Structures are given as C-alpha cells and as structure tokens.
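Residues take their numbers from the sequence shown, with the count starting at 1. A quick note: this is a predicted structure, and the numbers were derived from the prediction, not measured.
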Amino acid sequence: MPGFQIEQTIIAGYAAFSKQCGLYVDPGAIAAHADEIASLKLKATKTGVTFSVSKPIPDELVEKLAVSSRSKKGF
C-alpha cells in the first residue's frame, strides 16, 4: 500500500479497490474528525475512511486527517 512517511513512521496510506478507495491514518485522527466524516456520509473504520470516485473525500478533510495523524505520531 503506498503511503507517506516521516523518518521510519508511516503517517498516511491509501489504496484503491474495484468499488472503493481508502485513506488510512492514525486511529486518533479518525476519532478526532469522526463528526465531520459522519456529516459527509463517508464510511469510517478505526484506521481509515473509505470513499468512491464519485464521492471523494474533500481536500480539506484529507489535509486535516493527515495533519492530525502526523501530530498523533509525534511529528
């Protein structure tokens, strides 16, 4: 799974499947933005947000999740 890392720590990863895509971050980042994820009617798991090509994650939320994940990992 491709992703982004700082030093030896993975900050975020992503994957594409036949019917959905996923953005995977620190569980604390998902929890911190759970209300926003739910309000956008996106599906979240403990470690990721799944979405479709027709209903992508807004850029602003991707940035918030990445920054939050980075912070939770100590960077």
Side-chain angles (χ1 to χ4, degrees):
M1 177 184 332
F4 303 94
Q5 74 181 43
I6 297 175
E7 297 174 6
Q8 299 302 316
T9 303
I10 303 295
I11 302 301
Y14 55 95
F17 305 98
S18 61
K19 296 186 181 195
Q20 69 183 21
C21 302
L23 175 66
Y24 303 95
V25 294
D26 186 85
I30 299 292
H33 299 285
D35 291 340
E36 186 172 0
I37 293 166
S39 74
L40 292 167
K41 296 184 175 34
L42 295 169
K43 191 175 184 179
T45 65
K46 183 178 178 181
T47 60
V49 179
T50 58
F51 58 97
S52 66
V53 173
S54 63
K55 186 170 172 81
I57 301 173
D59 294 344
E60 298 81 19
L61 181 55
V62 172
E63 183 176 354
K64 288 177 188 178
L65 289 168
V67 168
S68 183
S69 183
R70 180 180 175 169
S71 175
K72 301 285 184 196
K73 302 259 187 196
F75 293 98

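For the pair K43/Q20, no side-chain contact is recorded, criterion being any heavy-atom separation below 4.5 Å from C-beta on. Between V49 and I30 the shortest side-chain heavy-atom distance falls below 4.5 Å.
When each of V62, V67, L61 is tested with L65 by the rule side chain to side chain contact (heavy atoms under 4.5 Å, CB included), just one qualifies, namely L61.
Within the 3.5 Å criterion, the main-chain N or O of G22 finds no donor-acceptor partner in the side chain of T50. Judged by distance alone, with hydrogens and angles left aside, the side-chain atoms of S69 form no donor-acceptor pair with the main-chain N or O of A66 at under 3.5 Å.
The distance from atom CD1 of I37 to atom NZ of K64, rounded to the nearest 0.5 Å, is 10.5 Å. Here L40 contributes atom CG and D35 contributes atom CG; the two are 11.0 Å apart, rounded to the nearest 0.5 Å.
Taking every heavy atom of both residues into account, I57 and F51 meet most closely at CD1-CD2, 3.3 Å. Residues A29 and V25 approach most closely at CB-CG2, 3.9 Å, considering heavy atoms. Across M1 and Y24, no two heavy atoms sit closer than the pair SD-CD1, 3.6 Å. Here the closest non-hydrogen pair linking K55 and K41 is CE-O, 4.1 Å.
Within a 6.0 Å radius of CZ in F75, more than 12 heavy atoms belonging to other residues, nucleotides or ligands are found. Crowding of K72 atom NZ: a count of heavy atoms from other residues, nucleotides or ligands under 6.0 Å not exceeding 12.
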